[in-house]
Q: 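Dropping the structure in here first, questions after.
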Amino acid sequence: MDLATFLLICIGGFFATYAHYIFALIADKIGLARLDFGKGLSMLLFGESYDGKPPFMLGFLAVHLNGIIFSLIYSSVLAKHLPGSPLEKGLVWGAILFVFSQCIFNVFITKHGLFSLKMHPKAWQTAFIAHAIYGSMVGWLCPII
């Protein structure tokens, strides 16, 4: 992978993550649960290191770093094995990440329960749409190598 392709994938992953993040923050405006991925990751990763609440920016950076890493995994490893158009491949990747987050991460790491049932009854719906946004944008913006 050359530097230009690497940077294109990283930038695509950043913007896809940003859209995913912003949707989750404003989801309450359309009747879904508002999810603050940055606050959650900040508390999870750095909560014990600070007196009180850790800085919001650390969570924001952690979310975007995850999104960039996941876009690199998609572009360099997974996408060539998925059927369909780039948009469809991206949506499948978003669905894989959604299932992982709701069935593994939320159950064992954050303790929010299967499909975030301990948080809010509509939290899984917000997460589903946010991951669909992320996946579609990664499929659209990131080249497959």
Side-chain angles (χ1 to χ4, degrees), residues 1-47 49-50 53-116 119-145:
M1 171 183 344
D2 63 350
L3 181 60
T5 304
F6 176 78
L7 290 175
L8 185 61
I9 294 168
C10 289
I11 291 168
F14 177 85
F15 283 119
T17 305
Y18 188 73
H20 157 273
Y21 190 82
I22 294 302
F23 171 78
L25 287 175
I26 63 167
D28 59 334
K29 304 296 185 218
I30 59 169
L32 296 173
R34 180 184 187 271
L35 300 178
D36 189 343
F37 299 126
K39 179 180 177 186
L41 264 182
S42 182
M43 293 299 291
L44 180 68
L45 296 173
F46 310 106
S49 302
Y50 291 86
K53 297 178 182 177
F56 166 79
M57 199 59 172
L58 291 176
F60 182 83
L61 292 173
V63 168
H64 283 78
L65 183 60
N66 277 335
I68 291 168
I69 290 169
F70 287 139
S71 68
L72 287 165
I73 292 169
Y74 165 80
S75 290
S76 61
V77 177
L78 188 67
K80 55 188 158 207
H81 302 293
L82 295 175
S85 68
L87 180 62
E88 293 166 335
K89 291 177 184 198
L91 284 170
V92 169
W93 180 232
I96 290 168
L97 291 174
F98 167 74
V99 169
F100 173 80
S101 74
Q102 298 302 306
C103 295
I104 306 295
F105 188 76
N106 281 348
V107 174
F108 299 110
I109 307 298
T110 65
K111 309 288 191 223
H112 290 147
L114 190 65
F115 289 90
S116 305
M119 284 183 61
H120 187 283
K122 293 184 178 184
W124 71 270
Q125 296 169 342
T126 302
F128 178 79
I129 295 170
H131 283 86
I133 290 168
Y134 173 81
S136 61
M137 288 189 69
V138 164
W140 175 47
L141 296 173
C142 296
I144 298 168
I145 55 171

Q: I need the Phe15 CZ to Leu141 CG distance, nearest 0.5 Å.
A: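 Separation between the atoms: 8.5 Å.
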Q: Pairs in or reaching into residues 120-145: which pass side-chain hydrogen bond (donor to acceptor under 3.5 Å, both in side chains), with residues at least two apart or in two chains?
A: none
Q: Tell me every residue that passes ring-ring contact (aromatic ring centres under 6.0 Å, His included) with Phe128, counting only those two or more places apart in sequence or in another chain.
A: Phe98
Q: What are the two closest heavy atoms between Ala79 and Lys89, and how far apart are they?
A: O-NZ, 3.2 Å
Q: Checking Ala19 now: which residues fulfil side chain to side chain contact (heavy atoms under 4.5 Å, CB included) with it, not counting sequence neighbours?
A: Ile133, Met137
Q: In chain order, what residues pass the side chain to side chain contact (heavy atoms under 4.5 Å, CB included) check against Ile96, with sequence neighbours excluded?
A: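 Result, side chain to side chain contact (heavy atoms under 4.5 Å, CB included) vs Ile96: Leu78, Val92, Trp93.
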Q: What residue pairs, at least two apart or across chains, pass side-chain hydrogen bond (donor to acceptor under 3.5 Å, both in side chains) with a residue in residues 57-82?
A: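 Listed by first then second residue: nothing to list.
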Q: Report the residues that fulfil side chain to side chain contact (heavy atoms under 4.5 Å, CB included) with Asp28, sequence neighbours left out, ordered by chain and then residue number.
A: Arg34
Q: Are there over 12 heavy-atom neighbours, none belonging to Phe56, within less than 6.0 Å of that residue's CZ?
A: yes
Q: Show the atom names and distances, to 0.1 Å, of all donor-acceptor pairs under 3.5 Å that link a side chain in residues 7-14 to residues at least two apart or in another chain.
A:
none

Q: Provide the full list of side-chain hydrogen bond (donor to acceptor under 3.5 Å, both in side chains) pairs with a residue in residues 5-24, sequence neighbours left out, each pair given once.
A: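 Sorted pair list: Asp2-Thr5, Tyr21-Asp36.
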Q: How close do Ser42 and Pro54 get, counting heavy atoms only, and between which atoms?
A: OG-CG, 3.2 Å
Q: Under the side chain to side chain contact (heavy atoms under 4.5 Å, CB included) rule, collect the residues that match up with Ala62, sequence neighbours excluded.
A: Leu41, Leu45
